[in-house]
Amino acid sequence: MDPRFVGIPELTGVPRIAVVIDVMRAFTVAAWAFSRGVEKIVLAATEDEALALKEHRPGRLALKDGAPAAGFDLVNSPALLRSADIGGRTLVQKTTAGTVGALAVADAPLILCASFVVAGPTARLLRGAGVPGPVTFVITGEDGRAEEDLACAEYIARRGATGAGVGAAPYLDRARNSRAAAELSTGVRSGSHPDDVALCLELDRFPFAMTARREDSAMVLRPTTVPRTVVGPRGPGKHRHH
């Protein structure tokens, strides 16, 4: 693997493989939503588009960053989402960084959205894909400087390249001491919960990766099961992903 770490403003051309990182909180929230039974997540470019996508199909739920707002059913908080009754629903998500990053690489052949809670499966999927060449990690926070996103990206890249046995503690510590974690812990960011930081740092909480692709005219995120037996392009037990 040839990892490249770029912020959204630095993206040029269409990456062959893009891993879009948003630890605090978009892609931790997305993983929690799938664990609660959400079927798919439609990624919206703006809040107006999110509301329009919600209205387009009855039964959809809309989620945004920040404080609650008219028309939105949920806020971008894993702690507030973990008890929500959302099984079988479609979620429309609009956040400040994560959804923006995913939409910025919408034409890439393979797009993964990730955070620490799905880091292991994401690394295994990359390792099992056996696609040579660069992997572009999109650091969505703070124009590519968010320490929690960079730490997660570097951890996934190293684990994808070498397999298991990569110590996670230094990477999690960087995220725990990040500016985003401080803002969440002190309530600077609205629409948050005191447990959000801890939930964002739960390594490999979920057994799936998250893959985004165009479906009709929308960008849709879905969970992808990744067998634990995947060890490399030519290693034993390699499974084909569908």
Side-chain angles (χ1 to χ4, degrees), residues 1-7 15-32 34-35 78 97-98 101-102 105 108 110-142 144-181 196-212 223-239 241:
M1 186 188 305
D2 174 18
R4 300 178 181 179
F5 307 98
V6 299
R16 191 168 185 181
I17 300 175
V19 184
V20 187
I21 307 290
D22 191 329
V23 172
M24 297 183 189
R25 294 161 285 172
F27 297 140
T28 300
V29 164
W32 268 98
F34 290 131
S35 79
V105 293
L110 176 60
I111 306 166
L112 302 174
C113 295
S115 61
F116 279 112
V117 297
V118 293
T122 303
R124 290 201 305 276
L125 194 154
L126 289 169
R127 192 164 167 77
V131 180
V135 175
T136 299
F137 287 85
V138 183
I139 311 304
T140 62
E142 300 176 32
R145 296 184 299 274
E147 189 64 17
E148 73 282 2
D149 292 343
L150 187 57
C152 184
E154 291 174 356
Y155 174 74
I156 291 172
R158 186 172 175 193
R159 194 161 161 183
T162 64
V166 179
Y171 302 95
L172 291 169
D173 284 345
R174 287 166 57 189
R176 188 176 293 110
N177 294 314
S178 68
R179 175 175 152 186
D196 279 349
V197 172
L199 292 177
C200 290
L201 298 178
E202 287 190 330
L203 184 69
D204 298 350
R205 166 116 193 187
F206 303 114
F208 51 80
M210 300 187 294
T211 308
T224 301
T225 301
V226 185
R228 289 189 175 274
T229 49
V230 171
V231 297
R234 295 184 178 86
K238 179 177 180 289
H239 287 57
H241 301 288

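This chain uses plain numbering: 1 for the first residue, then up along the sequence. Only this structure's heavy atoms are used, side chains among them; waters, hydrogens and symmetry mates stay out.
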Undergrad: Give the ring-plane orientation class for Phe116 versus Tyr155, where under 30° counts as parallel, over 60° as perpendicular and anything between as tilted.
TA: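 Tilted: the ring planes of Phe116 and Tyr155 meet at 30° to 60°.
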
Undergrad: Is a salt bridge present between Glu202 and Arg205, judged by a nitrogen-to-oxygen distance below 4.0 Å?
TA: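 Here Glu202 pairs with Arg205 in a salt bridge, since their nearest N and O are under 4.0 Å apart.
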
Undergrad: Ignoring hydrogens, what is the shortest heavy-atom contact between Pro207 and Pro121? Give both atom names and the distance.
TA: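 Nearest heavy atoms, Pro207 then Pro121: C-CG, 3.7 Å.
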
Undergrad: What are the two closest non-hydrogen atoms of Leu172 and Leu203, and how far apart are they?
TA: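 Taking every non-hydrogen atom into account, CD1-CB, 4.4 Å.
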
Undergrad: Which distance, rounded to the nearest 0.5 Å, do you find between the CG of Leu150 and the OG1 of Thr140?
TA: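 So the CG of Leu150 and the OG1 of Thr140 are separated by 11.0 Å.
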
Undergrad: With sequence neighbours excluded, what pairs up with Arg179 under the side-chain hydrogen bond (donor to acceptor under 3.5 Å, both in side chains) test?
TA: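 Checked Arg179 against side-chain hydrogen bond (donor to acceptor under 3.5 Å, both in side chains); matches are Glu183.
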
Undergrad: Nearest 0.5 Å please: distance from the CD1 atom of Ile111 over to the CE atom of Met210.
TA: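 These two atoms lie 13.0 Å from each other.
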
Undergrad: How about Met24 and Asp196: do any of their side-chain heavy atoms sit closer than 4.5 Å?
TA: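 With C-beta onward as the side chain, the pair stays apart.
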
Undergrad: Does some side-chain heavy atom of Arg174 sit less than 4.5 Å from a side-chain heavy atom of Glu148?
TA: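 Not touching, per the 4.5 Å side-chain cut-off.
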
Undergrad: Check this for me, if you would: do Asp204 and Arg159 make a salt bridge, where the nitrogen-to-carboxylate-oxygen distance has to be below 4.0 angstrom?
TA: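 Counted as a salt bridge, because a side-chain N and a carboxylate O are separated by less than 4.0 Å.
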
Undergrad: Quick one, Val138 and Ile21 - any side-chain contact, counting heavy atoms below 4.5 Å?
TA: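 With C-beta onward as the side chain, the pair stays apart.
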
Undergrad: Check Phe208 against Ser35 and note the closest heavy-atom contact, atom names and distance.
TA: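 Reported closest heavy-atom pair: CZ-N, 4.3 Å.
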
Undergrad: What residues, two or more places apart in sequence or in another chain, satisfy side-chain hydrogen bond (donor to acceptor under 3.5 Å, both in side chains) together with Asp173?
TA: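 So Asp173 forms a side-chain hydrogen bond (donor to acceptor under 3.5 Å, both in side chains) with Arg176.
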
Undergrad: Nearest 0.5 Å, please: how far is CZ in Phe137 from CZ in Arg4?
TA: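 If I round to the nearest 0.5 Å, the distance is 12.0 Å.
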
Undergrad: Can you list the residues that meet the side-chain hydrogen bond (donor to acceptor under 3.5 Å, both in side chains) rule with Thr211, with sequence neighbours excluded?
TA: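 Residues passing side-chain hydrogen bond (donor to acceptor under 3.5 Å, both in side chains) with Thr211: Thr224.
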
Undergrad: Quick one: SG on Cys200 to CG on Asp22, what's the gap to the nearest 0.5 Å?
TA: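 It is 8.5 Å, given to the nearest 0.5 Å.
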
Undergrad: Side chain of Arg124, backbone of Gly160: donor and acceptor closer than 3.5 Å?
TA: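 No, the answer is negative, given that no donor and acceptor are paired below the 3.5 Å cut-off.
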
Undergrad: Hey, what do you get for CG (Leu201) to SG (Cys152), rounding to the nearest 0.5 Å?
TA: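 Reported value, rounded in 0.5 Å steps: 10.0 Å.
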
Undergrad: Between Leu125 and Leu112, is any pair of side-chain heavy atoms under 4.5 Å apart?
TA: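 Side chain of Leu125 against side chain of Leu112, heavy atoms only: contact under 4.5 Å found.
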
Undergrad: Side-chain contact, heavy-atom cut-off 4.5 Å: Ile17 with Thr136?
TA: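 SC-SC contact between Ile17 and Thr136 ruled out.
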
Undergrad: What pair of heavy atoms forms the shortest contact from Val135 to Met1, and how long is it?
TA: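 In terms of heavy atoms, the two residues are closest at CG2-CG, 3.6 Å.
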
Undergrad: For Pro78 and Arg25, which heavy atoms make the closest approach, and how far apart are they?
TA: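 Minimum heavy-atom contact is CD-CD, 3.9 Å.
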
Undergrad: To the nearest 0.5 angstrom, please state how far the CD1 atom of Ile156 sits from the OG1 atom of Thr122.
TA: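 Between Ile156 CD1 and Thr122 OG1, I get 5.0 Å after rounding to 0.5 Å.
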
Undergrad: Please report the shortest heavy-atom distance between Ala157 and Phe5, naming the atom on each side.
TA: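 Nearest heavy atoms, Ala157 then Phe5: CB-CZ, 4.1 Å.
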
